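A short worksheet on the structure shown next.
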2 protein chains.
Amino acid sequence: MASLPNGAGAAAAASGSSGARPVDKEVDFANYFCTYAYLYHQKEMLCDRVRMDAYHSAVFRNAPHFQGKVVLDVGTGSGILAIWSAQAGARKVYAVEATNMAEHARELARANGVADIVEVIQGTVEDVELPEKVDVIISEWMGYFLLRESMFDSVISARDRWLKPDGVMYPSHARMWLAPIRTGLGDKKREDFDIAMDDWSLFVQDTQTYYGVNMNALTKAYRSEHEKYYLKSSIWNNLHPNQVIGQPAAIKEIDCLTATVDEIREVRAQVTLPLTMDARLSALAGWFDVHFRGSAQNPGVEEIELTTAPDEHGGTHWGQQVFLLTPPLSVTKGDNVNVSFSMVRSKENHRLMDMEFTYELHELSGRKHPAVTTKMYLE
Amino acid sequence: MASLPNGAGAAAAASGSSGARPVDKEVDFANYFCTYAYLYHQKEMLCDRVRMDAYHSAVFRNAPHFQGKVVLDVGTGSGILAIWSAQAGARKVYAVEATNMAEHARELARANGVADIVEVIQGTVEDVELPEKVDVIISEWMGYFLLRESMFDSVISARDRWLKPDGVMYPSHARMWLAPIRTGLGDKKREDFDIAMDDWSLFVQDTQTYYGVNMNALTKAYRSEHEKYYLKSSIWNNLHPNQVIGQPAAIKEIDCLTATVDEIREVRAQVTLPLTMDARLSALAGWFDVHFRGSAQNPGVEEIELTTAPDEHGGTHWGQQVFLLTPPLSVTKGDNVNVSFSMVRSKENHRLMDMEFTYELHELSGRKHPAVTTKMYLE
């Protein structure tokens with residue numbers, strides 16, 4: 001048969017099940033954790049200067065949170081946050097990593113002279129047993145549009161099991177943003193979609209002519225598979241700030257010290273996005289920021305922000321997620337677009353997200369356009 | 001963290017286990033079967049004219065094998081082989097498919113008027129119960145270099161459980177080939193590898209300078225990961241016949257009627273490849289062919305061949321697998337290259353293959369070059 005490279009594409013359209021299932025740990029490992037066992041992927045994250053600078057500043061400018069303290073690093077990867085915590089003065093750092101990358105983290109701690117402080121534990125944090133409670137939980141758990149990967153669940157579990165009552169979370173707060181944008185990405189995708197469908201028509205003709213089988217019964221399913229792929233899957237992009245044509249709105253705020261899985265399992269928001277220029281509204285974009293400010297009880301020395309908003313000086317490896325609007329709308333400065341947004345976890349894979357957008361243009365003139373509803377997938 | 005698209009890359013470097021494990025069915029589904037649930041992938045196979053022509057001829061030019069008979073199609077996908085079997089006169093066709101593609105196969109059988117003959121059963125063939133034995137097993141089970149995907153195991157299981165003693169296999173025979181070739185692919189890969197390593201050096205410097213962490217402890221592991229990726233992973237390519245610079249050798253022959261899993265779990269061969277031109281021997285290439293000739297007891301009307309050898313009139317979706325030799329060797333017409341070859345299943349994923357090549361150039365002049373041994377991975 002000759003399938004694609006192993007695992008590519010994958011889980012979303014796969015399963016025979018039609019409802020939510022308990023997570024199979026081995027499947028989750030094959031689908032998700034495995035990527036983090038590769039050094040090329042660790043390096044990609046370690047080369048993200050925005051990410052690195054933010055965490056580095058968060059730790060070293062708030063050294064009092066670390067000095068003489070016990071730290072838990074959830075998903076340590078190559079171990080960088082654990083090593084920084086030790087360098088900032090931690091008495092002990094428990095660095096938990098599910099993949100074989102744990103061995104590399106151990107080597108790195110040794111080579112950087114902190115092997116007596118950093119204890120790397122290979123396993124999932126939900127299963128780990130520590131000999132003591134911790135003062136700080138540090139983790140870089142954010143996925144695309146913040147919640148893809150659902151890794152914050154593991155941080156919550158770690159917090160509820162191991163954080164002291166006056167402990168602090170690094171980061172301490174997180175927010176999701178939505179903004180109206182202009183982009184040419186949709187034109188290319190719509191063209192690719194049209195080409196794919198034209199090609200399908202030829203294929204249907206050829207298969208009838210040469211092989212005596214009418215494939216037309218699958219045209220609808222083929223269209224729907226390709227619509228999802230080209231038009232309804234969010235697109236990774238590092239936007240320029242001048243592509244943002246209206247005011248962004250925060251659609252979700254998370255206090256990492258108190259958030260529950262129930263609070264993040266679904267995200268629902270209704271926002272009005274005021275348009276600030278005459279432009280073609282061709283998509284909405286989503287991104288996130290996180291803050292390091294300790295807790296009310298135990299504030300940091302200096303608040304540090306890590307934002308993945310469009311930035312003309314360069315982006316992050318997270319980029320932004322672009323959600324195409326089909327068709328695009330011509331908008332004028334002063335118009336508003338009302339957006340109802342919902343995001344839930346995919347039934348087939350709890351680390352991927354199914355979204356629904358309803359958007360409605362209210363022109364400054366008073367004219368209201370009909371509301372349009374579209375599903376989008378973050379895979 | 002922001003991982004790659006779901007599942008990409010995947011299983012080979014992932015697992016914490018160090019030995020062979022029993023296959024976890026759910027993991028296998030996530031890693032393997034899922035790809036076949038996409039119509040774009042079915043279409044890719046259905047557009048492979050070499051593949052389609054061979055199976056179409058095999059069925060319709062050997063219609064007596066099908067007329068009034070009971071057929072089992074293992075891994076029917078969109079159902080094309082099952083529909084052809086019905087069109088060729090089968091009394092009943094059991095079409096087994098593990099993924100949700102089964103529903104599309106059912107629709108297609110209906111739309112082509114053979115729903116009363118083709119019974120699509122969703123499940124793995126190992127678990128399926130049929131009400132009767134079958135006269136023919138048809139299947140398109142071949143992966144890259146024949147055995148990638150290890151799908152023939154399922155065909156063997158189906159044969160041993162359901163084929164009548166005088167039944168026939170479609171295809172009936174399969175062979176694996178190895179040949180000496182010239183190609184520029186290795187130069188590009190070696191360049192990419194060097195760039196990746198230079199880039200790593202800069203990264204090590206920068207991480208020390210800006211973030212106070214010495215990453216050099218991971219240099220060896222990074223090199224080894226990237227060597228595997230760039231230089232030791234076989235490369236898909238459709239070669240031109242003039243890239244073949246010596247005589248190909250058959251390294252494995254399989255009689256589909258009698259082969260056991262033990263016979264295909266490992267492939268070992270020692271061959272001498274005579275070089276037929278002055279050239280740079282930069283790689284070995286592997287491909288396969290299969291034949292449809294019925295059985296000794298029940299021969300076909302016309303023998304049909306499906307070959308994936310290099311062909312100037314165009315290739316197949318299987319292409320050939322290119323195994324780079326580093327460094328390349330200058331060879332002269334009349335030289336021989338002796339190759340010892342072994343292929344075993346990867347410990348982490350039984351559908352992927354680990355290979356070892358030992359090659360030794362014997363010049364026509366009598367000079368013998370030292371033997372070189374290299375591992376290669378078919379992923």
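Lettering of chains follows the sequences in order, A, B, ..., and the numbering in each one begins at 1. This one's a predicted model, so the numbers in the text were calculated from it and none came from an experiment. The analysis underlying the following values was restricted to heavy atoms, covering all of them including side chains, and did not include hydrogens, waters or symmetry mates.
Heavy-atom pairs under 4.5 Å with chain A were tallied for B/Val114, B/Thr316, B/Val213; the largest tally goes to B/Val213. Contact count against chain B (heavy-atom pairs under 4.5 Å) is highest for A/Asp53 among A/Asp28, A/Ile83, A/Asp53, A/Asn216. Interface check for chain B: of the options A/Met52, A/His104, A/Gln42, the most heavy-atom pairs under 4.5 Å are formed by A/Met52.
Residue contact with chain A, scored on non-hydrogen atoms closer than 4.5 Å, involves the side chain of B/His56 exclusively. Looking at A/Asp206, the atoms closer than 4.5 Å to chain B (heavy atoms on both sides) all sit in the side chain, from C-beta outward. The parts of A/Asp199 that come within reach of chain B are both its backbone and its side chain, each placing non-hydrogen atoms under 4.5 angstrom from that chain. B/Asp48 does not touch chain A: none of its heavy atoms, backbone or side chain, sits under 4.5 Å away. When heavy atoms are compared at a cutoff of 4.5 Å, A/Arg49 approaches chain B by way of both its backbone and its side chain. Proximity to chain B involves both the backbone and the side chain of A/Leu218, based on heavy atoms less than 4.5 angstrom apart. At a 4.5 Å heavy-atom cutoff, the contact between A/Met151 and chain B is made by side-chain atoms alone. Heavy-atom distances place both the backbone and the side chain of A/Tyr222 under 4.5 Å from chain B. With a threshold of 4.5 angstrom between heavy atoms, A/Tyr210 approaches chain B through its backbone and through its side chain. Using a 4.5 Å cut-off between heavy atoms, B/Asn214 touches chain A through backbone and side chain atoms alike.
Atoms CD and NZ, on B/Glu26 and A/Lys25 in that order, are 15.5 Å from each other to the nearest 0.5 Å. Once rounded to the nearest 0.5 Å, the distance linking OH of A/Tyr38 with OH of B/Tyr229 reads 10.0 Å.
The backbone N or O of B/Leu39 lies less than 3.5 Å from a partner atom in the side chain of A/Glu225, making a donor-acceptor pair. Side-chain N or O atoms of A/Gln87 include one that pairs as donor or acceptor with a backbone N or O of B/Gly212 at under 3.5 Å.
What you find for A/Glu107 and B/Ala217 is that their closest heavy atoms are OE1-O, 3.3 Å.
Classified by interplanar angle (parallel below 30°, tilted 30° to 60°, perpendicular above 60°), the ring pair A/Tyr211/B/Trp84 is tilted.
At least one side-chain heavy atom of A/Leu46 sits less than 4.5 Å from a side-chain heavy atom of B/Met215.
Residue A/Arg345 places its CZ atom among more than 12 non-hydrogen atoms of other residues, nucleotides or ligands, all under 6.0 Å distant.
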